[in-house]
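Below is one structure, written out as structure tokens; comments come after it.
Everything numeric in this text was worked out from a predicted model, so none of it was measured.
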Amino acid sequence: MIYIPSKYSVSHYTPVGPWLRQRAVSIWNSVPDPFIKPYISDLRFGFVLGCGHSGTTLIAAKLGGHSDVFLIGRETNAFGPGFGAHCSRRIVKEWSYFAELEGKGLVLEKTPKHVHAVRKIKRVLPDAMFIAIVRNPLDNVASLYTRFGNLEGAIARWKVDNKRILSLRGESSVKVVNYENLTREPKVGFRELCDFLNLPWQAGLIAKGDTAYDSVKQKGNMAVRAEQVSKEIKPKINTWPGVLTEKQAKKVLDRTKRLAAEMGYEYSKDLVLGI
């Protein structure tokens, strides 16, 4: 079977047949897009995105505990290539109904691959806010490699997703967060995120305990993540040695060094550290 790179695939590679079908569906679904009007609502909308295994679930889970936030309890991929803007707009309208029913002021959704759908989201929701998280390549790639067993795919995904994040820097609707800094000083980091989303700080927001993700039956990787983010926030830095060999780590560093430097990471002899 032949595989080709796909920025929308969580493992980065997709068989040719499914890729062709996805492209055909995407093109067909996008035909009405030029005629779609933005969705107007008094609600605010926030999206958490970035490379998988970089901390997106942690951010969404904790912010989802805010009394004014309606967290979508799963990764929806509602703005992915399988949906046209008209369908995405209908999904947003459904979210709004339930958020308003519960008296919430902000709808929060987390799908990492929405990092490649920011323009589409803004077409439907012009005032949407985005939180994009970055994580050092050694730890991030090691985590992806543990899940998918493909080092090439893990490196390629880290690069393609983070290149997209870099292209968004400087936009007022986008806040880029460093995973290492966030987990070192979670109170500081989450206060900044609340300010960005225009949410008042609430004591206990980052405390351990059940999150909105526990209200939905999760499967596979999300079940693991939901359990992890219910615990106390602690720094998870330099976790790669238990996963990657020195040869593999050197390969990751060689392939990611330039992009990592642009993201604010500096290299020591044995690991990557956030500035």
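Cluster annotation: L101 is connected to L43 through the hydrophobic network of ILVMFWY side chains, with a link wherever side-chain heavy atoms come within less than 4.5 Å. A chain of hydrophobic side-chain contacts below 4.5 Å, direct or via other Ile, Leu, Val, Met, Phe, Trp or Tyr residues, connects L125 to Y97. Transitive grouping of hydrophobic side chains (ILVMFWY, heavy atoms separated by less than 4.5 Å) keeps V160 and L259 in distinct clusters. In the hydrophobic cluster analysis, where Ile, Leu, Val, Met, Phe, Trp and Tyr join through side-chain heavy atoms closer than 4.5 angstrom, V115 is grouped apart from L144. V243 and V10 fall into different hydrophobic clusters, where Ile, Leu, Val, Met, Phe, Trp and Tyr side chains are chained together by heavy-atom contacts under 4.5 Å.
Residues L168 and V118 form a side-chain contact, since some pair of their non-hydrogen atoms from C-beta on lies under 4.5 Å apart. Between E246 and K250, the closest side-chain pair of non-hydrogen atoms is not below 4.5 Å. Here the side chains of L106 and L63 are not in contact, with every heavy-atom distance at 4.5 Å or above. The shortest side-chain heavy-atom distance between L182 and E192 does not fall under the 4.5 Å cut-off. In this structure, the side chains of V252 and L151 come closer than 4.5 Å at one or more pairs of heavy atoms. A 4.5 Å side-chain heavy-atom check between K62 and P186 finds every atom pair outside the cut-off. K187 has its side chain within reach of W201: a pair of non-hydrogen atoms, C-beta onward, lies under 4.5 Å apart.
Counting heavy-atom neighbours within 6.0 Å of E185 CD, excluding the residue itself, gives a total of 12 or less. Other residues, nucleotides and ligands contribute more than 12 heavy atoms inside 6.0 Å of the CG atom of D254.
Using cut-offs of 30° and 60° on the angle between ring planes, the pair H53 and F148 is tilted. Classification of the Y39-F45 ring pair by plane angle, with boundaries at 30° and 60°, yields perpendicular.
Proximity of a side-chain donor or acceptor of T239 to a complementary backbone N or O of K236 within less than 3.5 Å is not detected. Counting only distance, with no hydrogens or angles, the side chain of K113 and the backbone of K7 share a donor-acceptor pair below 3.5 Å. Using a distance-only test at 3.5 Å, with no hydrogens or angles considered, a donor-acceptor pair links the side chain of E180 to the main chain of N136. Checking side-chain atoms of S96 against main-chain N and O of V92 turns up a donor-acceptor pair under 3.5 Å. The backbone N or O of P200 sits less than 3.5 Å from a side-chain atom of H66, completing a donor-acceptor pair. Between the side chain of R89 and the backbone N or O of K37, at least one donor-acceptor pair lies under 3.5 Å. For T56 (side chain) and V48 (main-chain N/O), no donor-acceptor pair under 3.5 Å exists by modelled atom type. Listed for the N140 side chain is a donor-acceptor partner under 3.5 Å among the backbone atoms of G52. A donor-acceptor pair is defined here as one N or O able to donate and one able to accept, closer than 3.5 Å; no such pair exists between the side chain of W158 and the backbone of L138. Using a distance-only test at 3.5 Å, with no hydrogens or angles considered, no donor-acceptor pair links the side chain of R135 to the main chain of G55.
With 3.5 Å as the limit, one finds no donor-acceptor pair spanning the side chains of T256 and K159.
From L197, atom CG reaches atom CD1 of I131 across 4.5 Å, with rounding to the nearest 0.5 Å. Between the OH atom in Y179 and the CD1 atom in I237 there is a gap of 7.5 Å [rounded to 0.5 Å]. With values rounded to the nearest 0.5 angstrom, F70 atom CZ is found 10.0 Å from W95 atom CH2. Between N181 atom CG and I133 atom CD1 the span is 10.0 Å, to the nearest 0.5 Å. Note that CG of L49 is 8.5 Å distant from NE2 of H114, once rounded to the nearest 0.5 Å. Distance check, rounded to the nearest 0.5 Å: NE2 of H116 to OG of S167 gives 9.5 Å.
Ionic pairing of E152 and K251 is present here: one or more N-O contacts between side-chain nitrogen and carboxylate oxygen are shorter than 4.0 angstrom. Remark: D195 does not engage R191 in a salt bridge, criterion side-chain N to carboxylate O under 4.0 Å.
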